[in-house]
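So you know, we letter chains A, B, ... as the sequences are listed, proteins then strands, and number each from 1.
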There are 2 protein chains.
Amino acid sequence: MASHEQGPERKRRARAQEGDSRRKHTINDVARMAGVSKKTVSRVINASPFVKEETRKAVLEIIRETGYTPDPQARGLAFRRSFLVGLIYDNPNPQHTVSHQLGILDALKGTGFELLVRPVDRTSPKLLEDMRGFVERQKLYGVVLPSPVSENEDLVALMKELGCRYVRIASVPMDDAACMVVSHDGKGAADAARHLADLGHTRIALISGPPTFRSSVERRRGFEAGLAERGLALDPALVKQGAYTYESGITAAGELFALENRPTAIFCLNDEMASGAYLAAREHGLSIPKDVSIVGFDDAPIAARLWPALTSVRLPLRDMGRMAGEMLVPDPLREVQADAHEVQPELIVRESTAKAG
Amino acid sequence: MASHEQGPERKRRARAQEGDSRRKHTINDVARMAGVSKKTVSRVINASPFVKEETRKAVLEIIRETGYTPDPQARGLAFRRSFLVGLIYDNPNPQHTVSHQLGILDALKGTGFELLVRPVDRTSPKLLEDMRGFVERQKLYGVVLPSPVSENEDLVALMKELGCRYVRIASVPMDDAACMVVSHDGKGAADAARHLADLGHTRIALISGPPTFRSSVERRRGFEAGLAERGLALDPALVKQGAYTYESGITAAGELFALENRPTAIFCLNDEMASGAYLAAREHGLSIPKDVSIVGFDDAPIAARLWPALTSVRLPLRDMGRMAGEMLVPDPLREVQADAHEVQPELIVRESTAKAG
DNA sequence: GGACCGCATGACACCGGTATCATAACCACG
DNA sequence: CGTGGTTATGATACCGGTGTCATGCGGTCC
């Protein structure tokens with residue numbers, strides 16, 4: 001129960017003074033000044049086709065003069081829907097969150113929509129209940145669900161039930177292709193595989209993420225596909241499962257380096273684990289890239305700061321956010337509603353990869 | 001002008017069926033079921049003291065049974081104010097933004113308030129105009145202004161003019177102590193200075209940030225104070241100005257290492273520049289910490305991933321966000337309105353600092 | 001016993017928009 | 001010139017809450 005102490009019923013401060021031209025204009029002011037009813041102004045605002053061109057021009061002129069903008073709350077109340085978009089995320093990588101936010105807001109700019117953020121714990125048993133309350137109370141116009149939240153089918157089902165628009169951001173197409181931005185992580189992983197193969201590596205290891213993450217599954221799949229293109233297969237002995245964390249990268253890479261016939265290259269399914277592999281390499285007296293080549297995924301800020309700088313797969317996170325925002329909020333001015341809502345990862349080659357010794 | 005294509009005036013879908021117990025309850029339903037007027041329900045919601053205890057109990061019981069929650073839009077419309085808090089930020093460090101968001105939302109949880117995010121370009125000439133529109137249109141309850149946005153006095157003046165509550169997050173107290181969360185960066189910098197001095201360093205260099213950032217000025221001030229405590233003074237020849245960026249760290253550290261009598265320790269006013277110093281050290285064949293000790297500031301994720309792991313000053317970013325949120329949204333249940341809205345930085349000693357050779 | 005007071009409550013208008021429906025204005029047609 | 005079918009517009013109710021003000025009620029004071 002939200003009980004905001006509002007204090008006793010306050011007197012409204014006198015504001016009916018004659019000189020308060022500073023007061024914000026309402027639809028009534030515009031209507032009066034334009035000599036039409038408020039409903040007609042409403043029609044103009046909502047681009048109704050049933051307004052005479054002449055009337056529309058006159059009203060728009062008054063709107064311009066007064067700087068009037070409709071009150072989103074009043075509009076929302078009448079529409080039974082708000083002009084708010086929710087971003088529901090649970091991603092430990094702040095880079096993702098911030099980039100997505102920037103992208104979504106790129107798309108929302110000038111549309112009158114605003115972005116409400118909602119970090120969640122995807123393992124919480126109350127998640128669905130919380131999200132139902134969130135969407136219903138705020139009457140959200142729509143939500144953006146980046147991975148891994150986008151992989152929660154119960155949550156997606158809830159959005160459908162509530163009639164809440166949604167766009168999923170994920171690494172691989174899912175049921176609802178029309179509501180997705182797909183990053184095709186697999187292609188980036190395949191690029192990494194070809195890159196390593198072309199450098200002459202044959203004993204190539206993989207440090208995967210948790211199998212519950214679609215991105216991990218997809219990156220691995222793409223990696224294997226890329227190797228296959230070069231006539232290589234992933235040796236099961238050279239596959240270690242990590243947890244997308246620094247510590248898990250240290251452990252997994254340590255195990256790989258302890259093998260009798262250790263790999264000459266490692267593909268880590270994210271940069272955090274790649275950082276861990278750097279540390280393990282040092283602990284084992286191995287030099288990067290002379291003794292072992294390392295490739296990461298995400299192109300996190302850290303990738304370029306490590307030494308040697310980490311070769312990694314970059315996702316256009318901001319673009320992905322922008323596309324999600326554009327899909328959510330239809331802009332009549334936008335000409336093409338590109339039906340291909342997908343982006344391509346890009347392999348950024350730095351100094352952590354070299355020819356196989 | 002926000003013109004959301006709403007399509008033609010739509011028919012309202014029939015929903016007056018008898019069986020739609022699923023429809024969300026309104027204040028009218030609650031009033032009817034409790035046998036009181038909607039105004040009395042309103043009084044209960046708003047914790048008015050003018051309701052008989054018996055009546056209040058009865059109404060609360062109905063509210064509990066029905067799961068009723070007031071519509072924030074309708075409430076906002078009547079209150080002429082929304083239940084939205086804005087986060088206006090312009091910080092290149094995503095860690096800061098995400099941590100602040102988490103903290104603010106910790107404080108907002110259960111209050112019915114939501115968080116609207118707004119990345120801005122603090123150098124944009126349209127900034128003030130944009131913010132005025134943002135605050136006025138959304139009728140924001142309040143805003144959180146982390147640094148460096150918090151240092152924009154024009155923006156703060158605007159908030160005052162608009163009657164919009166605000167909380168600044170900054171490294172040093174400013175005019176409005178009651179509306180601030182202060183991180184006292186200077187103390188953390190002093191800790192760093194004492195740490196280096198106690199390790200026996202005397203030729204200690206400083207790579208500062210842009211002087212337009214209060215944090216940079218404050219960190220430097222604190223650093224000098226810490227040195228002074230140990231009887232040391234900052235040698236002007238060992239001070240280089242950076243720009244809080246990786247590249248500027250490389251350049252500045254490179255210049256320091258090229259000196260005939262190079263420093264044995266460097267304090268970098270953020271971790272990005274410290275990363276640059278790492279690279280410069282390698283380029284000059286210097287080993288960290290044997291040849292040179294390095295201390296950063298921020299304890300960014302990167303600090304623990306660098307090799308050797310970077311000693312850095314950590315700010316409790318999430319706590320800072322939480323405090324800002326708590327100050328903004330008064331919770332009647334909170335007992336003490338702690339008047340000391342400040343946090344202490346903490347020096348995290350890792351492996352990049354060692355005794356002076 | 002009547003005037004007066006404070007507490008508790010409700011009737012009603014209002015916040016700033018939109019939906020419904022009636023109606024006015026316009027045109028073509030017979 | 002009356003009829004009918006658009007097209008354009010406004011009067012009114014309504015969305016779900018809160019502010020204002022009047023009123024009922026029980027008790028105290030003289």
Enquirer: Establish, with yes or no, whether the OP1 or OP2 oxygen of dT18(C) is under 4.0 angstrom from a side-chain nitrogen or oxygen of Arg75(A).
Expert: yes
Enquirer: Let me spell it out: for each of Lys38(A) and Lys52(A), pick the nucleotide of DNA chain D with the closest heavy atom. Which residue's pick is nearer the 5' end?
Expert: Lys52(A)
Enquirer: Reckon Asn28(A) has a side-chain N or O less than 4.0 Å from the OP1 or OP2 of dG16(C)?
Expert: no
Enquirer: Please state whether the phosphate of dG10(D), meaning OP1 or OP2, lies under 4.0 angstrom from any side-chain nitrogen or oxygen of Thr40(A).
Expert: yes
Enquirer: Should the pair Tyr141(B) and Phe113(B) be assigned to parallel (<30°), tilted (30 to 60°) or perpendicular (>60°) ring geometry?
Expert: perpendicular
Enquirer: For Lys139(B) and dT18(D), give me the distance from atom NZ to atom P, rounded to whole Å.
Expert: 14 Å
Enquirer: Go through it in stages, so that I can follow the logic: the residues are Glu53(A) and Lys57(A), the test is salt bridge (Lys or Arg N to Asp or Glu O under 4.0 Å), and I'd like the CA-CA distance, side-chain angles, deciding distance and then a yes or no.
Expert: CA-CA 6 Å; Glu53(A) 193 50 34; Lys57(A) 283 238 169 59; 3.7 Å; yes
Enquirer: Which listed nucleotide (dT18(C), dG17(D), dG10(C)) is nearest to the side chain of Pro70(B)?
Expert: dG17(D)
Enquirer: If you measure from SG on Cys179(A) to NZ on Lys160(A), what distance do you get to the nearest 0.5 Å?
Expert: 7.5 Å
Enquirer: So, does Thr66(B) use its side chain to make a donor-acceptor pair with the main chain of Ile63(B) at under 3.5 Å?
Expert: yes
Enquirer: For the helix from dG1(C)-dC30(D) to dG30(C)-dC1(D), how many degrees between its two end axes (five pairs per end), to the nearest 10°?
Expert: 60°
Enquirer: Looking only at the side chain of Phe79(A) (C-beta and beyond, no hydrogens), which of the listed nucleotides dA19(C), dT18(D), dG16(C) gets closest?
Expert: dA19(C)
Enquirer: Report yes if the side chains of Met327(B) and Arg165(B) come closer than 4.5 Å at any heavy-atom pair, otherwise no.
Expert: no
Enquirer: Applying a 4.0 Å non-hydrogen cut-off, can you work out what Val36(A) is touching in the nucleic acid: base, sugar-phosphate, or nothing?
Expert: sugar-phosphate
Enquirer: Using a strict cut-off of less than 4.0 Å between a Lys/Arg side-chain nitrogen and an Asp/Glu carboxylate oxygen, indicate whether Arg168(B) and Glu153(B) qualify as a salt bridge.
Expert: yes
Enquirer: Return the value, rounded to whole Å, for the distance between atom CG of Asp71(B) and atom C1' of dG16(C).
Expert: 14 Å
Enquirer: Calculate the interatomic distance between Phe50(B) atom CZ and dG6(C) atom C1'; express it in whole Å.
Expert: 10 Å
Enquirer: Starting from P on dG16(D), measure out to CZ on Arg81(A) and report it in whole angstrom.
Expert: 15 Å
Enquirer: For dG17(C), take OP1 and OP2 only and decide whether either is under 4.0 Å from a side-chain N or O of Ser42(A).
Expert: no
Enquirer: Under the side-chain contact (heavy atoms from CB on, under 4.5 Å) test, which residues partner Arg318(A), sequence neighbours left out?
Expert: Leu102(A), Asp106(A)
Enquirer: Within the side chain of Ser82(B), is there an N or O that forms a donor-acceptor pair under 3.5 Å with the backbone of Gly76(B)?
Expert: no
Enquirer: dG16(D) P sits how many Å from Arg137(A) CZ, rounded?
Expert: 16 Å
Enquirer: Take atom CZ of Arg80(B) and atom C1' of dG17(C), then tell me their distance rounded to the nearest Å.
Expert: 14 Å
Enquirer: Tell me: NZ of Lys24(A) to P of dC15(C), nearest whole Å?
Expert: 14 Å
Enquirer: Heavy-atom nearest nucleotide on DNA chain C for Arg56(B) versus Ile27(A): which residue maps closer to 5'?
Expert: Arg56(B)
Enquirer: So, is Thr26(A) near the phosphate of dG16(C), with a side-chain N or O under 4.0 Å from OP1 or OP2?
Expert: no
Enquirer: Is there a donor and acceptor pair, one atom on the side chain of Arg43(A) and one on the base of dG10(D), closer than 3.5 Å?
Expert: yes
Enquirer: Can you check the Lys39(A) NZ to dT18(C) P distance for me, whole Å?
Expert: 7 Å
Enquirer: When you measure from the side-chain N and O atoms of Thr55(B) to the phosphate of dT9(C), is any distance below 4.0 Å, counting only OP1 and OP2?
Expert: yes
